[in-house]
Amino acid sequence: MSTSKEQAAISQVMAFLREWDQGNKMVRSRMLQEFVKQHQGKTCPALELEFAQVASLFLARLTAWLRLTYMFGTCLGLQLKAVGVFLSASSNHRYLIEFLEVGGVLTLLEILGQNQTKEEDKAEALHLLQIVSNAGRKYKELVCESYGVRAIAECLATSQIESTQETAQLLLESLAHGNPKYQNQVYKGLIALLPCTSPKTQQLVLQTLRVVQDIVKVAYPSIVEPLLNSLKSLHLEVQHEALELITELRHYEVRPALLKGLVALLKPVKERVQKYKILEDSEMTKMTESLPLFVQQAAAAKAIRMLAQGSEELSTELLHLRVVHHLLYAMGNQSHADAQRQASLALEHFVQTYPLVEEHVRRAMGQTLFQLFMLNAEILYMKMDEIQADILHSNKVNIAEALENQKSDTAKVCEPSCFLRFYKMSKLRSAVQKGKKVSLENTGTVKRSKRQVSAVKEEPIEAESSSYHYFQNPEDIGSFRSNLLSWYDQTKRELPWRTVAMTEKDINVRTYAVWVSEIMLQQTQVATVIDYYNKWMKKWPTVEKLAEATLEEVNQMWAGLGYYSRGRRLHEGAQKVVSELGGEMPRTPEQLLKQLPGVGRYTAGAISSIALGQVAGAVDGNVIRVLCRARAIGADSTSPAVTEALWKIAETLVDPQRPGDFNQSMMELGARVCTPKNPLCNQCPVKTHCHAFKKVSVKQQKECKTLQSKLNPAVNGSTPDIESCVTTGPCQLCLSEPWDSQLGVQNYPRKPSKKAARVERTLVCVLEREKVGEEKEYLLSQRPSKGLLAGMWELPGVLEEEGSSEMKLKKSLCAEVGKLLGVLLDKEPLEFVGEVVHIFSHIHQTYVVYSMVCPDHKNREKSTVRWITTSALQEAAVSTGVKKIMKLYESKKNLKGDNTKDKKRKGSASKDEKKPKKVKESGGGKQLSLTKFFSPSKTNQ
Ligand code: SF4
Ligand code: ZN
């Protein structure tokens, strides 16, 4: 029996429900507001007490009205809040079950999927779904089975409100903790969201993927492309999350694809970058359009550094993907400083870890750039000029090939100790740079192989060059200076920047004016620069004025002068001087070098001597030519030894009283007298100090005397000896190639010799034998332990000599095969297979491939000759060339198929039919197991 109190409560509820049933939209809205206000946060028993144990009756009405009206948005927010009161109060999931039984989840998901649903209502629906999901695994399954993942993911992608996006993200994360069957659904849904355009969504998706990745334990290949694309984002948070996820994925099977993709991004697809350039006119637009690709390039370099620094194995994999070549390329991207910076930092890791990489990078960069790189990879890009950038862009570094070639040399390059060597090597390197004598033992460095130690010793060592190449006598130096400066005073050209340097009192204006002239004169003729210089200085007479200009104005002014980054860097430098240096131009060569972008060692020397009167040398192309001739320096003028020697000479010669004039006179001499071709030696003010001139003169005198004595034997006389270089060992500065009398003084300087690839053709023989019931085998011989592909296994072959007939060459090939087998072979049938081209670093090799079936001979077994099956060959210590040849051979064999066999049978049936039996009888070398096969080369390693 109910008490009167209970009956009163029931009457109240019945009245409430009646009002609801009969009420219109307005009434219901008011009732909902009151309900939410009064009951929010109440527990299930409290609600039941209020509703006389029949609260469910109201929930059922509420849910029904929601299902009928959600499409029109009628009081949607209030309705959801009211449902929320029930679901939150639910103990033992009572209200939750009642809500779900009438299709509550589907209604909520449909609300999410509606375009017209307000953002705050979506947030409310997500909140309710979160309550459902938190109720347990089977509730999560219910959401997933109702295509909840997709609806929630779409909501995450399209929502404009961060709190809604965050709720959607948490919900997806919570669903991923449910049934494994649906974990993958969440994972795939997240991958599908990666290409969305909202940075916040991308950030949340990447974050969630990291969590879900850990749950699903398998990485889908489809994640790679969108993940790498997200590196294009200009939002740091997205980049950060993408990099974190990439780092995470290194443990999964998508790793090779990821590494390959990252390396490829270092060279943005040309067509795309160029397309923007064709479509757009403005320089700025070009930058904006290609910016995402460059941002992606920088991020890829950063990811590569993170991955490589954390794992030796990954570093090695990256080296095989030619990461060094790609990083050098990215370093040359003068349109994006961060790409240059990140690539430099990544490359620094490889250079400091692998001596082989260091060797190749040094060669590819050239000494000046390499030194900058070693000093500070982080700001290298600030000092790089156009030419250096071009060199980096066109580099051909192929560490993968070098690694392959080196495999058979001293053991693996990537021995585990490499990583231990990291910091020790950087110490060693910096000591070497500073010219300190370094003992490997003292630094505690893990000992390098002999070859690696000698690489350290290859640094320029002054003692190995004789005094012949330097100026040492003070009288000579004094005379050189005064002769040159008098000539300069008489003949110098009046140039606007020279006038400013002489007349301008303000040190800042003077330094700025000379800086502008020196940058404009890089790669550009004086005559072209004059006009531009005058206009520039008129428009921006001070560094402050230039700093106020826009980049567009600077580019406009620079138009037609070429190498546009020079203008950009001047502008960038001016802004730096104003904002960071208080408008004061740097005062010393070191400061100029360090603080101004685009200023290298030469420019720093030139500005500081001309504008600031600093006693600093300046070595540009003209000065290189003059000094190489004056001091008979004939080694590669770009080699470290020559570069250091030239700077040393320039610094010795520079006149301390008039350093600026002296440096300009040297450049003027190179431009007008000591020209690359047909130098005017007779008018040269320093010819008495010029070794090249003396050498040519003495040679001419000798020839003259010889001729005279032939004509008139009575005439006799002596000629002076040619002064020459004296060293105890080989000189690093003397001519590396013989003197060419046709060239005269133009024997100096010598450019680096461009070694053209040697073109070779080699006849090789695929010698096959088959034992009954066994795989076919092929004959390989081992290369000598030194030289190209040392110790590796190859097919028998002979180098084609020029002029040899085909017949003769085939005979030689037969003889070579016979020699390997220890039998006489000169008339065996060689069948032409085809040609294979393989490029080594210095050799363009064409293999002319023949095949032969093993003849019936008892061959002697040798340690340098082996028979091996095709499958074992794939794993063997053979070069790619051999693999290519075998591929060609196999494909030809497959192509011919039975026809060929038939023809063979018809052509030489009796002979061929006998062969298998004879081979079986032969006592030749037997096939070794793989382990045994490799044992000789392993001991070599
Ligand atoms: Fe050049 Fe001839 Fe003068 Fe020597 S003498 S510095 S080669 S111009
Ligand atoms: Zn010498």
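Counting convention: from 1, in listed order, for ligands and their atoms alike. All values derive from a computational prediction rather than experimental measurement.
- If you number the atoms of ligand 1 from 1 as listed, the ones under 4.0 Å from a heavy atom of Lys687 come out as 5 (S).
- Residue Cys690 counts as close to atom 4 (Fe) of ligand 1, with an N, O or S atom under 2.8 Å.
- Counting heavy atoms under 4.0 Å from ligand 1, residue Arg629 touches it through the side chain alone.
- Crowding of Gln742 atom CD: a count of heavy atoms from other residues, nucleotides or ligands under 6.0 Å not exceeding 12.
- In terms of protein heavy atoms, atom 1 (Fe) of ligand 1 is closest to Cys674 SG, 2.4 Å.
- Ranking protein heavy atoms by distance to atom 2 (Fe) of ligand 1, first place goes to Cys681 SG, 2.4 Å.
- Here the shortest heavy-atom distance to atom 3 (Fe) of ligand 1, taken over Pro685, Cys684, Gly744, belongs to Cys684.
- Under the 4.5 Å side-chain criterion, counting only non-hydrogen atoms from C-beta, Tyr512 is in contact with Met537.
- Using cut-offs of 30° and 60° on the angle between ring planes, the pair Phe370 and Phe373 is tilted.
- Counting only distance, with no hydrogens or angles, the side chain of Arg631 and the backbone of Tyr470 share a donor-acceptor pair below 3.5 Å.
- Each of Leu669, Leu485, Thr491 was evaluated against Pro685; a single residue qualifies, Leu669, per the side-chain contact (heavy atoms from CB on, under 4.5 Å) test.
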